[in-house]
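In what follows, a single structure is set out as structure tokens and then discussed.
We count ligands from 1, going down the list as the structure has it; atoms in each ligand are counted the same way. Throughout, numbering of the chain's residues begins at 1 and tracks the sequence.
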Amino acid sequence: MSKIRKFSIGNPINTDAVEKKLAAAKGKIPYLKKEDKSFVYKLGTEDRIYGLGENVRGINKRGWIYESNCADQPNHTETQHSLYGAHNFFVVDGKERFGVFIDYPGKLILDMGYTKMNEIRITPEDWDMDVYIIEGKEILDIVKEFRALIGRSYIPPKWAFGYTQSRWGYKSADDIREVVKGYRENGIPIDNVCMDIDYMERFKDFTVNDETFPDFPEFVKEMEKEHIHLVPIIDAGVKIEEGYDTYEEGVEKGYFCKEKDGSDFVGAVWPGRVHFPDFLNKDAREWFGKQYKILLDQGIEGFWNDMNEPAIFYSEKNLDAVMKKIKKMDNRDMDMWEVFGFRDLVNGLANNPEDYASIYHNMDGKKICHDKVHNLYGYNMTRAAGEAFEELCPEKRILIYSRASYIGMHRYGGTWMGDNQSWWSHLLMNLQMLPSMNMCGFLYTGADLGGFGADTTEDLVLRWLALGIFTPLMRNHSAIGTREQEAYQFTNKEAFKNIIGIRYGLMPYLYSEYMKAVLRNEMLFTPLAFAYPEDTQAQQVEDQLLMGESIMIAPVYTQNATGRYVYLPEKMKLVRMKSMNDIKTEVLEKGHYYVDVALDEVVFFIRPEKIVPYTMGGQFMEEAEQQELKLLHFVTDKAEYELYEDDGYEKDYENPEHYRTIKVEA
Ligand code: GLC
């Protein structure tokens, strides 16, 4: 059993991160060093640190300095300090085991043994926060306790577990028809196509360009007949344009973020000049949420919320100031420093700290500076949508995932891991981020498979898909101008068909494990260090994970490798799949192995006395669901598996009828 204590410092902002409201404990606040204005913990040489959700670096977060600050950061190199999410929960594992959640929506510096290798030092910008300390025997107990505190994670409709194709640059209904045709003609399974900003009229939220997407509701129906769900993007910024309803209503009702003087803040994103809805204002949130109805009414059942850190390409006022300075530089013989200064002026336009500091919210009637609540912005955009869906279609699950997030948002939607690159290192990073996201409540998540930025390669997409078949969001997405990376664009179409087909075949297992992990506050992806706490070798493993209760995954993440080293912390059954029709198995003792994995194969491992239900799959979810259930297992005595089955739409998640026990005896 674990023990949880809450401490309140100053006047905490209500973030609604936590669902269970606890009374604050009295007395000394652990680890607080007032004279240093920090929380400080002395690390033993062996101590490990896990968590921090969406972030750079490995599963063990020790040795780097992180900044909790939702950032529009496409350059996910290991020298960054923040990505799109701000997830202030971590666990220290070593001579002591405890979890810490700092519920603080401003900027927080988390120095995890960077400045001093033997010290954690956490420094907020000011001292209004709730701190939760969770003590427990095992890491998994601590995580479970924390997850119970923050409330049940989001559950998408079942079709959202189907394979999704996305790309920035599908400019018309015909472009999307082409994509669907490419998949269907090659027999590669698919359920969803994302619509990026190209579908909108001049990048205006909740509009559809009727020249490129004529009769949109008809198109949605046509796609439905093809068993395709269209998933449009919604951006945080609302274009400033006379006659555009969302803009005009927002201005009239005073629902946009303000400058200090009370005028509407003007920033710029894809559509040019925009206002940012004040998602921290309950009324504005309700109003923005209702806008999704415009698309729901046209048959849409899923969305992705983007640019909601919020990303600001420039602010009107800063652009003016910079332009004036640049004009002065005109015709000058610039030396090195002046050139650097010139560049900094231009580069400093985007996501400028001074701009964020100049934005004001109306939170429960109180004017509050954006800096104090920065990390709540994307969260509350998605909450706006989630709350509206509850009201507009209470019977039905609607898909929603967001780029920016904070703990608390996990109850309203999923996330994708933002703009990664077509780099092999980002495949590994995808794997390493999964458990830390799970610790913070984000279960419906996945990375842009194949990589978003830069040109990909066929082998990278294949290897990445071989990991992606296990992630709840399985989406291939890429940036405009990069090499096309739809599965049918490559030579080895059979391999793509089979690997994506394995996703559909494994769906009974993947969906059951997802639902059980959500309903029981458990991890879906577990580091070996958590599951085998006494095994010092397992603690070192940063490139394998348990996925659900029955399997261990160990994807290949280096180019030209014909396999990889795998550590088996116990005796396991290796499963080698070329397709759902071609499965080979082999029992291996605990230990280290070099395992061959061809480009067109998926390899995973079944734990002892565990079962993996599967089917032959299908071209889309509904078809896969019609197939007969089969079992893969590693049973030497007897085992049971709880299969979770529901219609994938309804919300009676807790209904015991959804569970079916499968028994196997050797
Ligand atoms: C952002 C998103 C990316 C999207 C692009 C255009 O960079 O993260 O996924 O494709 O905007 O909308």
Side-chain angles (χ1 to χ4, degrees), residues 54 56 70-76 80 82-86 164-172 175-176 179 192-209 212-213 230-239 267-272 274 276 295 302-314 350-351 377-379 381-382 399-405 409 413-423 426 429-430 433 442 444-456 464 468 471 473-486:
E54 186 176 359
V56 293
C70 293
D72 166 26
Q73 181 49 271
N75 199 18
H76 303 183
Q80 296 299 343
S82 341
L83 297 177
Y84 309 86
T164 302
Q165 181 61 56
S166 183
R167 181 170 169 89
W168 175 11
Y170 296 152
K171 290 210 168 4
S172 62
D175 280 2
I176 292 180
V179 172
N192 314 305
V193 178
C194 281
M195 299 169 73
D196 207 317
I197 48 171
D198 323 88
Y199 80 88
M200 299 178 193
E201 192 191 286
R202 291 187 298 286
F203 309 121
K204 291 185 299 189
D205 281 341
F206 311 110
T207 67
V208 176
N209 183 330
T212 45
F213 288 86
L230 295 172
V231 182
I233 195 170
I234 303 293
D235 281 343
V238 169
K239 184 171 174 63
V269 204
W270 305 120
V274 299
F276 291 104
L295 290 161
F303 302 89
W304 44 312
N305 278 348
D306 193 21
M307 309 300 276
N308 51 4
E309 295 70 30
I312 306 177
F313 293 168
Y314 63 84
N351 305 324
Y377 192 75
Y379 160 16
M381 177 184 183
T382 300
L399 172 63
I400 179 96
Y401 49 94
S402 169
R403 194 169 74 172
S405 60
M409 199 202 85
T415 58
W416 87 99
M417 295 167 176
D419 296 348
N420 58 10
Q421 302 277 334
S422 297
W423 297 342
H426 280 185
M429 185 175 181
N430 179 179
M433 233 191 262
F442 295 93
Y444 188 76
T445 187
D448 288 348
L449 303 172
F452 173 76
D455 290 335
T456 199
W464 214 328
T471 63
L473 168 64
M474 185 190 184
R475 184 178 83 147
N476 174 338
H477 179 49
S478 54
I480 197 162
T482 61
R483 180 181 185 178
E484 292 176 328
Q485 63 186 46
E486 295 80 10

H76 side chain near Q421 side chain, heavy-atom distance below 4.5 Å: no
Show the distances, to 0.1 Å, for all pairs joining an N/O atom of ligand 1 and a protein N/O atom that are shorter than 3.5 Å, listing one pair per line.
unit_1, atom_1, unit_2, atom_2, d
ligand 1, 7 (O), D419, OD2, 2.6
ligand 1, 8 (O), R403, NH1, 2.9
ligand 1, 8 (O), D419, OD1, 2.5
ligand 1, 8 (O), D419, OD2, 3.2
ligand 1, 9 (O), H477, NE2, 2.9
ligand 1, 10 (O), D196, OD2, 2.5
ligand 1, 10 (O), H477, NE2, 3.0
ligand 1, 11 (O), D306, OD2, 3.0
ligand 1, 12 (O), D196, OD1, 2.5

Test side chain to side chain contact (heavy atoms under 4.5 Å, CB included) applied to E484 - qualifying residues, sequence neighbours left out: R167, E486, Q489
Distance-only donor-acceptor check, side chains N305 and S402, under 3.5 Å: no
Side chain to side chain contact (heavy atoms under 4.5 Å, CB included) involving A71 - partner list, sequence neighbours excluded: Q73, S82
H477 vs D196 side-chain heavy atoms within contact, under 4.5 Å: yes
W168: ring pair (Phe, Tyr, Trp, His ring centres under 6.0 Å) partners, not counting sequence neighbours: W270
